Number of protein chains: 2
Amino acid sequence: MDHNLLLAGIAKYVNLDAEEQEYLISVLHYKKIKRKQLILEEGDINNKVTFVTSGCLRSYAVDKNGTEHVLQFAPAGWWITDMRSFTTGQPARLNIDAIEDSEYIYIPKANFEELNIRIPKFEHYNRVIGQNALATYQHRQIDNVTLSAMERYANFCQLYPSLIKTLPQKQVASYIGVTPEFLSKMLNTMIVK
Amino acid sequence: MDHNLLLAGIAKYVNLDAEEQEYLISVLHYKKIKRKQLILEEGDINNKVTFVTSGCLRSYAVDKNGTEHVLQFAPAGWWITDMRSFTTGQPARLNIDAIEDSEYIYIPKANFEELNIRIPKFEHYNRVIGQNALATYQHRQIDNVTLSAMERYANFCQLYPSLIKTLPQKQVASYIGVTPEFLSKMLNTMIVK
DNA sequence: TATTTCTCTTAATCTACATTAAGTTTTCAT
DNA sequence: ATGAAAACTTAATGTAGATTAAGAGAAATA
């Protein structure tokens with residue numbers, strides 16, 4: 001089973017020795033899922049962390065009108081979690097599903113905690129990528145109240161050039177916080193200008 | 001100088017021994033600031049982490065019209081940082097200032113990194129509070145696209161009951177993402193209903 | 001390959017919230 | 001205490017983006 005992408009991702013931050021790697025690998029679980037299949041449903045407890053090895057997952061919330069709002073896309077090499085549910089044990093507000101046929105690794109919460117305690121380098125890795133994620137969310141929040149829909153779209157294109165090519169437009173619309181109708185109109189009237 | 005609030009905050013998560021505490025305390029810096037004084041200005045490098053011991057700080061970004069948008073309030077016991085500037089060394093997008101006369105502790109980045117390496121328990125603490133902050137930002141993002149201004153206001157009241165009493169209304173408006181005029185109208189027409 | 005199911009487009013209408021402006025009240029610094 | 005500066009209110013008008021609807025193109029599954 002393929003955990004090389006995960007090990008490579010960790011190796012960018014810390015050097016695990018052979019024993020540590022072996023222990024890490026021993027707690028990994030491997031899964032394949034089909035397009036549209038859910039791995040977390042609103043109301044469930046998100047008691048694992050998920051690392052995508054191929055394909056693309058996404059997390060999203062559903063509002064009272066039934067409209068989906070994408071929080072995150074996770075292509076290969078990314079983690080995806082409902083962090084509040086994971087840390088507090090509360091029911092998830094997010095759904096996580098596959099945008100295309102995908103493969104992922106997950107680590108159950110108990111193992112994740114033990115890894116952090118027994119391998120300080122692993123905790124270091126998690127502290128640092130956590131800080132990076134926090135930085136991203138802080139600035140996304142600011143972008144959302146500070147920029148127009150067009151500017152947020154331009155931002156997205158710059159930040160995720162590979163995703164723009166593969167994602168259906170309506171998913172992008174949902175991520176940047178507009179309706180698919182408005183994004184379509186925005187992009188097509190822009191060409192004229 | 002008063003670092004008891006900081007030690008108490010850390011003690012909720014990990015037990016530092018006397019030597020570790022001493023080392024931590026040795027890298028702390030103490031400051032007092034007046035209302036409206038800036039401790040971080042957009043464009044600066046945010047090369048320290050800041051822990052509030054009294055009063056209240058806030059981080060905010062300014063848009064191209066000059067309007068301020070509050071990202072975070074930090075009353076006593078809270079950390080406040082432009083996390084992207086801190087982790088990457090890029091110029092800050094955020095400003096941080098004092099809403100009222102305040103006192104805070106800061107740790108320079110180099111010391112912060114060394115603390116994390118030399119005291120694994122300190123890194124554990126940071127990993128866990130980082131996860132909590134991440135959880136908060138994930139759900140704030142969802143709230144912002146999912147809820148009306150009124151619902152976001154109700155949310156804020158529930159989440160920060162102490163802040164609601166002390167903060168000027170316009171600061172709350174800026175945090176929930178509406179103009180002060182609209183918040184005023186919303187609250188006053190609501191009473192009638 | 002057919003057919004069902006998504007996805008994208010266009011256009012008319014609608015609405016939550018912004019903007020502008022001006023007056024009033026509260027707070028702050030001297 | 002007193003004047004200046006913030007903070008709050010009210011109201012008229014403006015707008016980015018939502019909603020609704022319906023047709024056309026693309027793609028998934030049988």
Side-chain angles (χ1 to χ4, degrees), chain A residues 33-37 55-56 58 60 62-70 73 97-102 143-156 163-193, chain B residues 33-37 55-56 58 60 62-70 73 97-102 143-156 163-193:
Chain A
I33 42 168
K34 292 274 171 201
R35 198 173 114 82
K36 295 196 180 181
Q37 203 178 320
C56 187
R58 104 228 226 242
Y60 65 95
V62 179
D63 70 22
K64 60 188 162 212
N65 306 316
T67 308
E68 294 174 1
H69 300 269
V70 173
F73 297 110
D97 72 359
I99 284 187
E100 48 191 270
D101 293 0
S102 302
D143 284 351
N144 279 175
V145 292
T146 268
L147 305 178
S148 68
M150 192 64 230
E151 291 169 316
R152 274 175 279 146
Y153 180 79
N155 241 276
F156 185 92
L163 283 176
I164 272 288
K165 284 166 205 151
T166 51
L167 284 177
Q169 218 177 79
K170 67 175 277 196
Q171 299 293 343
V172 178
S174 174
Y175 181 95
I176 66 171
V178 296
T179 57
E181 291 85 358
F182 185 74
L183 179 57
S184 169
K185 180 178 147 187
M186 195 175 78
L187 294 178
N188 291 315
T189 63
M190 231 218 49
I191 290 159
V192 180
K193 274 207 283 191
Chain B
I33 43 168
K34 292 273 171 202
R35 198 172 113 83
K36 294 198 180 178
Q37 204 178 319
C56 188
R58 105 228 225 242
Y60 64 96
V62 179
D63 69 22
K64 61 189 161 210
N65 306 317
T67 308
E68 294 175 0
H69 300 269
V70 173
F73 297 110
D97 72 359
I99 285 187
E100 48 192 272
D101 294 0
S102 302
D143 283 351
N144 279 320
V145 292
T146 268
L147 304 178
S148 68
M150 192 63 229
E151 290 168 317
R152 273 175 282 146
Y153 179 79
N155 240 280
F156 185 93
L163 284 175
I164 272 288
K165 284 166 205 153
T166 51
L167 283 177
Q169 217 177 82
K170 68 177 275 197
Q171 298 294 345
V172 178
S174 174
Y175 181 94
I176 66 171
V178 296
T179 58
E181 293 83 359
F182 185 74
L183 179 58
S184 169
K185 181 177 147 187
M186 194 174 78
L187 294 178
N188 291 315
T189 62
M190 229 216 52
I191 291 158
V192 180
K193 273 207 284 191

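A quick note: this is a predicted structure, and the numbers were derived from the prediction, not measured. We name chains A, B, ... by the order of the sequence lines, and we start the count at 1 in each one.
- Whole-Å rounding puts the B/Leu183 CG to D/dC8 C1' distance at 10 Å.
- Between B/Gln169 atom CD and D/dA7 atom C1' there is a gap of 9 Å when expressed in whole angstrom units.
- Taking five base pairs at each end of the helix from C/dT3-D/dA28 to C/dT30-D/dA1 and finding the rotation axis that steps the C1' atoms of four pairs onto the next four gives two axes whose angle is 70°, to the nearest 10°.
- Applying the side chain to side chain contact (heavy atoms under 4.5 Å, CB included) test to B/Thr67 and every residue at least two apart in sequence or in another chain returns B/Asp63, B/Asn65, B/His69.
- The residue A/Lys36 sits close only to the backbone: its heavy atoms come under 4.0 Å of sugar-phosphate atoms, none of a base.
- Residues A/Ile99 and A/Arg35 share a closest heavy-atom pair of O-CG, 3.3 Å.
- Remark: A/Lys165 engages no residue in a salt bridge (Lys or Arg N to Asp or Glu O under 4.0 Å) (not counting sequence neighbours).
- In terms of the ring pair (Phe, Tyr, Trp, His ring centres under 6.0 Å) criterion, residue partners of A/Phe73 (sequence neighbours excluded) are, by chain and number, A/Tyr175.
- By the 4.5 Å heavy-atom criterion applied to side chains, B/Met186 and B/Val178 are not counted as neighbours.
- Here chain A contacts DNA chain C (any atom closer than 4.0 Å to a heavy atom, that is under 4.0 Å), and the contacts span C/dC6 to C/dT10 from 5' to 3'.
- Between B/Lys34 and B/Asp101 there is a salt bridge, since at least one side-chain N of the basic residue sits less than 4.0 Å from a carboxylate O of the acidic one.
- No donor-acceptor pair under 3.5 Å is formed between the side chain of B/Gln171 and the backbone N or O of B/Pro168.
- Side chains of B/Asn155 and B/Leu147 form a contact here, defined as non-hydrogen atoms less than 4.5 Å apart.
- In this view, B/Arg58 and B/Glu68, B/Asp97 satisfy the salt bridge (Lys or Arg N to Asp or Glu O under 4.0 Å) rule, not counting sequence neighbours.
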Write out a two-atom table: protein N or O, nucleotide N or O from nucleotides 12-17 of chain D, distance below 3.5 Å.
residue	atom	partner	partner atom	Å
D/dG17	OP1	A/Ala149	N	3.2

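- Considering every non-hydrogen atom in both A/Ala149 and A/Ile176, the closest pair reads O-CD1, 4.0 Å.
- Every residue meeting the side chain to side chain contact (heavy atoms under 4.5 Å, CB included) condition with A/Ala98, not counting sequence neighbours, appears here in chain and number order: A/Ile33, A/Leu57, A/Ser102.
- Under the rule for a salt bridge (Lys or Arg N to Asp or Glu O under 4.0 Å), the partners of A/Lys64 that lie at least two apart in sequence or sit in another chain are B/Glu151.
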Q. If the sugar-phosphate is the primed atoms plus P, OP1 and OP2 and the base is the rest, what is the B/S/- string for nucleotides 23-30 of chain D, using protein heavy atoms under 4.0 Å?
A. -----S--
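- A/Tyr153 meets the ring pair (Phe, Tyr, Trp, His ring centres under 6.0 Å) test with no other residue; sequence neighbours excluded.
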